[in-house]
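Inspection log for the structure reproduced underneath, given as structure tokens.
Residue numbers begin at 1 in each chain, while the letters A, B, ... track the order of the sequences. All heavy atoms count here, side chains included; hydrogens, waters and symmetry mates do not.
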Amino acid sequence: MMQRIEHPWNLPPKQAIDLQKQLSRKVIRKSTIKTNAVRKVAGIDTAYRGGVACAAAVVLQFEDLETIEYKTAARPVAFPYVPGLLSFREGPVILAALNELKSTPDLLIFDGQGIAHPRRLGIASHIGLLVDIPSIGCAKSKLVGHYEQPGEKRGSFSYLTYHDETIGAVVRTRRRVKPVYVSIGHRVNLRESIKFVLHCCKGYRLPETTRRADKLSRKKLLIH
DNA sequence: GCGACAG
DNA sequence: ATCTTGTCGC
């Protein structure tokens, strides 16, 4: 997949912020796709360990969420975690992983914010803009904004507001489960973003035990 | 000055 | 995000 826009990454915070302000003006908040036209959706996330960042990009068939392919990439960590500048930390390694993909996704879903960001350029908007592919931000926690707790039923949601503007939605993907923070990334409106996220969470189940709990229970079995 | 603060 | 002990809930 080819990048439409390129720019330096290892910038001082002040310059990174200026760049975000410039790039955010190019983000398209309207939907340029038809739900029926989305055949391949990619999920992107990054992990860290010992000074190395590892990004994974998994392409799924939108219809049944069957895996088509996945690629990973690793890079030395070259930027600290600074709230609001996450894309400068994960951008390079994520782009490396995306470049390894043989297929081109119709939609990208990121673990982070889209325009629900101080300068309206969260990681989903930033990367979506650079590769010019419709993208959605789907975060586990809030960066900015205010909201009312959404209903408990799956699919219920409330709007995330910031400076008298709707910047995203707090969506219940499943009962009894913490809601996710959905926001426009690039070339997709909020309405569609919520629909896509709910579709992709269909049938999802939290692991019965976390790895930690699993280890503990195993240890107890050995003791007993 | 104080609180908030994606991953 | 990662590390990591104990604790609460189903």
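Within a 6.0 Å radius of OH in A:Y48, more than 12 heavy atoms belonging to other residues, nucleotides or ligands are found.
Linking Ile, Leu, Val, Met, Phe, Trp and Tyr whenever their side-chain heavy atoms come within less than 4.5 Å leaves A:F196 and A:V170 in two separate clusters. Cluster membership check: A:I167 does not share its hydrophobic cluster with A:L23, using side-chain heavy-atom separations under 4.5 Å among Ile, Leu, Val, Met, Phe, Trp and Tyr.
A:A97 and A:K71 make their closest contact through O-CB, 3.9 Å (heavy atoms, listed as atom of the first residue, atom of the second, distance).
You'll find that the side chain of A:R176 is closest to C:dC10, out of B:dA6, B:dG7, C:dC10.
For A:Y81, a side-chain nitrogen or oxygen approaches OP1 or OP2 of B:dA6 to under 4.0 Å. Note on A:K140: every side-chain N or O is 4.0 Å or more away from OP1 and OP2 of B:dA6. The side chain of A:S141 contributes an N or O atom lying less than 4.0 Å from OP1 or OP2 of B:dG7.
In this structure, CZ on A:R187 lies 10.0 Å from CD1 on A:I33, to the nearest 0.5 angstrom. For the atom pair CZ (A:R172) and OG (A:S158), the distance works out to 8.5 Å, reported to the nearest 0.5 Å.
In DNA chain C, no run of at least 3 consecutive Watson-Crick or G-U pairs with both distances below 3.5 Å is found.
Looking at heavy-atom distances under 4.0 Å, A:L121 makes no contact with the nucleic acid at all. Looking at heavy-atom distances under 4.0 Å, A:G137 makes no contact with the nucleic acid at all.
Across residues 109-118 of chain A, A:D111, A:G112, A:Q113, A:H117 each have a non-hydrogen atom less than 4.0 Å from an atom of DNA chain B (numbered order).
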Residues A:E165, A:R120; criterion salt bridge (charged side-chain N to carboxylate O under 4.0 Å, His left out); working and verdict: CA-CA 11 Å; A:E165 177 186 20; A:R120 307 295 191 278; 2.7 Å; yes
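In summary, the side chains of A:D64 and A:Q61 do present a donor paired with an acceptor at a separation below 3.5 Å, with no hydrogens or angles considered.
Between the CG atom of A:L86 and the C1' atom of C:dT2 there is a distance of 15 Å, rounded to whole Å. Distance OH (A:Y181) to C1' (B:dC5): 13 Å, rounded to an integer number of Å. Distance A:L143 CG to B:dG3 C1': 14 Å, rounded to the nearest Å. Rounded to an integer number of Å, the gap from CD1 of A:I167 to C1' of B:dA6 is 12 Å.
Using a 4.0 Å cut-off between a side-chain N of Lys or Arg and a carboxylate O of Asp or Glu, A:R39 and A:E66 do not qualify as a salt bridge.
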